[in-house]
Amino acid sequence: VKVKIPFGNKHLDAIFSVPEKKPTYGVILTHGAGGDMNFPHLVSLAAYLASHGVLCLRFTCKGLNVAYRTKAFKAVVEYLKLCDDYKLSGVFLAGRSMGSRAAASVICQLSQGDDDDDGFIQGLVCLSYPLHRPKLQSKLRDEDLLLITCPVLFVSGSADEMCEKQLLEGVVRKMKAPKKIHWIDKANHGMAVKGRTADDVMEEVNAQVFSWLRENVQLQHK
């Protein structure tokens, strides 16, 4: 279902992937610095989640400024919260690369304000979280991660040039939130692995994300 989400005086293009049965939980998903919501990994994850009973709303927000992307993400959260078509008990925020930074930033802002007393946001999924710029490992983008208290899942490639394995593990040790890292062996920032098809890697990512979501909300599958 295609929708346009109001954002200031503009609109964000978005697509709902809707499960057959009425969903209780949803995931809001966005892309990295390049690309848009039709990035193959996002399309694949959205379809997988919907087929397993989780509503997925993915959206496009161009712009390389994290603050701008965060505002857009917030607008999408508000939209879904007030959306009469789907009365959800809670939502997980998810993003790829820069999108996951924006998602983390939204959760920080909402938890510091009075906006999220209702616990609508259940957790955060970071796909290829860009912990640092390539080869610039002295400056970590970890400030939001250290403030988050809701459950966080990282799915990262063990050869990601923007997320050195030991550095992410160090940040995760300092985090207050319940957290889990799933390493995709030998994958780079784009989740490409020599000798494996993209579909094969996406299947691993999708299954990990879903099983983590299920653990965190005990989704009832009857």
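The basis for the numbers below is simple: all heavy atoms, side chains too, and nothing from hydrogens, waters or symmetry mates. FYI, the numbering just counts along the sequence from 1.
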Sub-6.0 Å ring centroid separation between Trp212 and Phe92: yes
For the side chain of Ser89 and the backbone of Tyr25, is there at least one donor-acceptor N/O pair under 3.5 Å apart? no
Ring centroid separation His31 to Phe39 under 6.0 Å: no
Answer yes or no: does atom NZ of Lys62 have more than 12 heavy-atom neighbours from other residues, nucleotides or ligands under 6.0 Å? yes
If two hydrophobic side chains count as joined below 4.5 Å and joins carry through other members, does Ile181 share a cluster with Met162? no
Is there a path of hydrophobic side-chain contacts, each under 4.5 Å between heavy atoms of I, L, V, M, F, W or Y residues, that connects Leu140 with Ile148? yes
Heavy atoms of other groups near Glu143 CD, more than 12 under 6.0 Å: yes
May I ask you to test the Tyr86-Val1 pair for a side-chain heavy-atom distance under 4.5 Å? yes
Asn188 side chain to Met191 main-chain N or O, any donor-acceptor pair under 3.5 Å? yes
Go through it in stages, so that I can follow the logic: the residues are Ile121 and Leu93, the test is side chain to side chain contact (heavy atoms under 4.5 Å, CB included), and I'd like the CA-CA distance, side-chain angles, deciding distance and then a yes or no. CA-CA 7 Å; Ile121 294 177; Leu93 305 192; 4.0 Å; yes
Are any of the side-chain nitrogens in Asp13 or Lys4 under 4.0 Å away from the carboxylate oxygens of its partner? yes
Can you name the closest pair of heavy atoms from Arg58 and Met37 and give their distance? NE-O, 2.8 Å
May I have the list of side-chain donor-acceptor pairs in residues 197-204 shorter than 3.5 Å, sequence neighbours left out?
{"unit_1": "Thr197", "atom_1": "OG1", "unit_2": "Asp200", "atom_2": "N", "d": "3.0"}
{"unit_1": "Asp200", "atom_1": "OD2", "unit_2": "Arg196", "atom_2": "NE", "d": "2.8"}
{"unit_1": "Asp200", "atom_1": "OD2", "unit_2": "Arg196", "atom_2": "NH2", "d": "3.4"}
{"unit_1": "Glu204", "atom_1": "OE1", "unit_2": "Arg196", "atom_2": "NH1", "d": "2.9"}
{"unit_1": "Glu204", "atom_1": "OE1", "unit_2": "Arg196", "atom_2": "NH2", "d": "2.8"}
{"unit_1": "Glu204", "atom_1": "OE2", "unit_2": "His182", "atom_2": "NE2", "d": "2.7"}

Take Asp142 and Tyr129 through the test side chain to side chain contact (heavy atoms under 4.5 Å, CB included) and record every step on the way to the result. CA-CA 10 Å; Asp142 60 356; Tyr129 187 84; over 6 Å; no
Lys180 side chain to Val152 backbone, donor-acceptor under 3.5 Å: no
I'd like to know if Val106 and Leu88 are part of one continuous hydrophobic network [Ile/Leu/Val/Met/Phe/Trp/Tyr, side-chain heavy atoms within less than 4.5 Å]. yes
Taking the side chain as C-beta and beyond, is there a heavy-atom pair between Asp144 and Ile107 under 4.5 Å? no
Where do Gly95 and Leu29 come nearest, in terms of heavy atoms and distance? N-CD1, 4.3 Å
In the structure I gave you, are the side-chain heavy atoms of Ile28 and Tyr79 within less than 4.5 Å of one another anywhere? no
Looking only at non-hydrogen atoms, find the nearest pair between Phe73 and Ala103 and report the distance. CE1-CB, 3.6 Å
Is the number of heavy atoms from other residues, nucleotides or ligands under 6.0 Å of Lys135 NZ greater than 12? no
Look at the side chain of Ser100 and the backbone N and O of Arg96, then say whether any donor-acceptor pair between them is shorter than 3.5 Å. no
Rounded at 0.5 Å granularity, tell me how far CG in Leu168 sits from SG in Cys126. 9.0 Å
Quick one: does Glu164's side chain get under 4.5 Å of His132's, heavy atoms only? yes
If only atom types and distance count, is the side chain of Lys139 paired as donor or acceptor with the main-chain N or O of Arg133 below 3.5 Å? no
Considering only heavy atoms from C-beta outward, does the side chain of Ser128 approach that of Asp160 to under 4.5 Å? yes
Spell out, as yes or no, whether a donor-acceptor pair under 3.5 Å connects the side chain of Lys179 to the backbone of Met175. yes
Given side chains that start at C-beta, do those of Gln122 and Asn216 come closer than 4.5 Å, heavy atoms only? no
Check for me, please, whether Val125 and Ile15 land in the same ILVMFWY cluster - side-chain distances under 4.5 Å, paths through other members count. no
Please report whether the ring centroid of Phe7 lies less than 6.0 Å from that of His11. no
What I want to find out is whether Lys165 reaches Glu169 closely enough, with some N-O distance under 4.0 Å, to be called a salt bridge. yes
Taken to the nearest 0.5 Å, the spacing of Asp36 CG from Cys61 SG works out to 11.5 Å
Would you give the length of the straight line joining atom CD1 of Ile184 to atom CD of Gln208, rounded to the nearest 0.5 angstrom? 7.0 Å
Determine, using the 4.5 Å side-chain heavy-atom cutoff (strictly less than), whether Val77 and Val18 are members of one ILVMFWY cluster. yes
Could you report the tightest heavy-atom contact between Phe59 and Ala14, atom names first, then the distance? CB-CB, 3.8 Å
Is the shortest heavy-atom distance from the side chain of Arg141 to the side chain of Met98 under 4.5 Å? no
Would you confirm whether Arg69, through its side chain, and Gly32, through its main-chain N or O, come within 3.5 Å as a donor-acceptor pair? yes
Let's go through His41 and Asn206 carefully: what are the C-alpha distance in whole Å and the side-chain angles of both, what is the deciding distance for side chain to side chain contact (heavy atoms under 4.5 Å, CB included) to 0.1 Å, and is it a yes or a no? CA-CA 9 Å; His41 290 82; Asn206 297 349; over 6 Å; no
What are the two closest heavy atoms between Cys108 and Leu147, and how far apart are they? SG-CB, 3.7 Å
Checking side chain to side chain contact (heavy atoms under 4.5 Å, CB included) against Val27, which of Val54, Leu55, Leu57, Leu45 comes through? Val54
Min side-chain heavy-atom separation Ser97-His189 under 4.5 Å: yes
The test is side chain to side chain contact (heavy atoms under 4.5 Å, CB included); show your working for Leu136 and Ser138 and say whether it passes. CA-CA 6 Å; Leu136 192 70; Ser138 53; 4.2 Å; yes
Between Phe16 and Cys83, what is the shortest heavy-atom contact and its length? CZ-SG, 4.4 Å
Just how far is it from atom CD1 of Ile5 to atom CG of Leu12, taken to the nearest 0.5 Å? 6.0 Å
To the nearest 0.5 Å, what is the distance between NZ (Lys74) and NZ (Lys81)? 11.0 Å
